[in-house]
Amino acid sequence: MTDASTNLKRAAQMIADARSVVILTGAGVSAESGLATFRDPEEGHWSKYDPMQLATLDAFNADPELVTRWYHWRFTRARDVQPNPGHFAIAALQKHKAEQAQSLTLITQNVDGLHQRAGAADVVELHGTIHTWRCTTTGKETPLSELSFDTFPIPSAAGGLMRPCIVWFGEMLPQEALERSFGAMAECDLFISIGTSATVEPAASFLLAAKGNGAATIEINRDPTPNTSIVDVALQGPSGSILPLILNELGIG
Ligand code: BV8
């Protein structure tokens, strides 16, 4: 038996034994749906821009048209793609754990909404969502479906501009999302990091915090990360292939 299949069986057994699981996902879990990640070169028009230079309040204030166009491009991409087998596997695992009267809290750094479209429940959107926008003057929120993008940027009724309800670099994370995350991490006996480079704080430190609370740890990622050397089991490869194999081991789905 290869190391990879031994590790996969071990990870499956850890998941079966866990009574309280936290999963943290990043852009890598949406890569097989066709959405570019943050640190892989972006295809097409935006390849000349660095997302790190666009996902900031300063960038929006300096050029609201450019940043609004970037998010318009990103949400039309997110709307046009489908959840992949990795998203569906996580949703099936969450359902299975609930049926066993055990808990699985899904925390995502992604803003694309693909976990919810795959059937995941109570998703903690740590970095907000592209599917709701708010007025820069009043903070009043509007669902994306009620916005028209015939002008860039979009003026708000109060005379301000509309911006996505996304946490930009340098902005505070939503209090409720942070509280739910820290609460789940304090309770969990298994923390699984999937498709994230573990470089954006404070999410990058969640695995270490859970480990410090005594949780076992698993990483599923295409490339090594700063967490790879400290997790109990590291499965290197595409989450859209690895997660269904784990569910097969567990006899789920
Ligand atoms: C904040 C929304 C308080 C935008 C995003 C220490 C403490 C606190 C803050 C900081 C700190 N040090 C530095 C900071 C500042 C900053 C930060 O972390 N900077 C980093 C770059 C050093 N953090 C913040 O500003 C946060 N705010 O802490 O507030 C505060 C405020 C002021 C001053 C001090 C403190 C806000 C962070 C949120 C930023 N917003 N997203 C948008 O989406 O447009 S973050 C952005 O990066 C996305 O959400 C993304 O998800 C996230 C992390 O990236 P990843 O998801 O990991 O994606 P990445 O491309 O990096 O990696 C993908 C991985 O997938 C790769 O490893 C690849 O190998 C793998 N992969 C690829 N394909 C597959 C795969 N894996 C499996 N299968 C595949 N098929």
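Count residues from 1 along the sequence. Note that this is a predicted model, so its numbers are computed, not measured. Both counts, for ligands and for their atoms, begin at 1 and track the order of listing.
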Quiz item: Does R117 use its side chain to pair, donor to acceptor, with the backbone of A120 at less than 3.5 Å?
Solution: no
Exercise. Would you mind telling me if ligand 1 is within reach of the side chain of A27, the backbone, both or neither, using heavy atoms under 4.0 Å?
Key: both
Quiz item: Do the numbers put R69 on top of the ring of W73, so that NZ or CZ is under 6.0 Å from the six-membered ring centre and no more than 45° off the axis?
Solution: no
Practice problem: Decide if the gap between the ring center of F75 and the ring center of F149 is smaller than 6.0 angstrom. | Solution: yes
Self-check item: Same apolar cluster: V167 and V67, side chain cutoff 4.5 Å
Solution: no
Self-check item: atom 32 (C) of ligand 1 protein-contacted (non-hydrogen atom, under 4.0 angstrom)
Solution: yes
Quiz item: Below 3.5 angstrom, do we get any N/O pair linking Y71 and ligand 1?
Solution: yes
Practice problem: Answer with side chain, backbone, both or neither: which part of M52 has a heavy atom less than 4.0 angstrom from an atom of ligand 1? | Solution: side chain
Quiz item: What atoms of ligand 1 come within less than 4.0 Å of a heavy atom belonging to G237?
Solution: 77 (C), 78 (N)
Self-check item: Intermediate values then yes/no, side chain to side chain contact (heavy atoms under 4.5 Å, CB included), Q109 and T25
Solution: CA-CA 6 Å; Q109 300 171 88; T25 64; over 6 Å; no
Self-check item: H131 (side chain) donor-acceptor with D112 (main chain) under 3.5 angstrom
Solution: yes
Exercise. Evaluate the ring planes of F169 and F38, with Trp represented by its six-membered ring, and classify them as parallel (under 30°), tilted (30 to 60°) or perpendicular (over 60°).
Key: perpendicular
Quiz prompt | D189 and S20 side chains, donor-acceptor separation under 3.5 Å | solution = no
Quiz item: Backbone, side chain, both or neither: what part of V200 comes under 4.0 angstrom of ligand 1, heavy atoms only?
Solution: both
Quiz item: Is L24 reachable from L106 through a run of hydrophobic residues whose side-chain heavy atoms are each under 4.5 Å from the next?
Solution: no
Self-check item: ligand 1 N/O within reach of A198 N/O, cut-off under 3.5 Å
Solution: no
Practice problem: From the options E125, E219, E201, select the one whose nearest heavy atom is closest to atom 7 (C) of ligand 1. | Solution: E201
Quiz item: Has ligand 1 got any nitrogen or oxygen that is less than 3.5 angstrom from a nitrogen or oxygen of I166?
Solution: no
Quiz item: When you measure from atom 69 (O) of ligand 1 to each heavy atom in D223, L24, V67, which option holds the nearest one?
Solution: D223
Quiz item: Counting both backbone and side chain atoms, is some N or O of H127 under 3.5 Å from an N or O of ligand 1?
Solution: yes
Quiz item: Under 4.0 Å from any heavy atom of G195, which atoms of ligand 1 are there?
Solution: 63 (C), 64 (C), 65 (O), 76 (N)
Quiz prompt | Test side chain to side chain contact (heavy atoms under 4.5 Å, CB included) applied to S241 and S239, P244, P238, the passing residue | solution = P238
Quiz item: Is there a protein heavy atom at a distance of less than 4.0 Å from atom 1 (C) of ligand 1?
Solution: yes
Quiz item: Which atoms from ligand 1 have a heavy atom of V167 less than 4.0 Å away?
Solution: 2 (C), 4 (C), 5 (C), 36 (C), 38 (C), 39 (C), 40 (N), 41 (N)
Quiz item: Any N/O of F38 closer than 3.5 Å to an N/O of ligand 1?
Solution: yes
Quiz item: Under 4.5 Å between any side-chain heavy atoms of N61 and T56, yes or no?
Solution: no
Quiz item: Which ligand 1 atoms, with their elements, are less than 4.0 angstrom from a heavy-atom of P202?
Solution: 28 (O)
Practice problem: From the options L35, I194, T196, select the one whose nearest heavy atom is closest to atom 55 (P) of ligand 1. | Solution: T196
Practice problem: Provide the number and element of each atom of ligand 1 under 4.0 Å from a heavy atom of E171. | Solution: 1 (C), 26 (C), 27 (N), 29 (O), 36 (C)
Self-check item: Atoms of ligand 1 close to G26 [distance to a heavy atom under 4.0 angstrom, numbered from 1]
Solution: 56 (O)
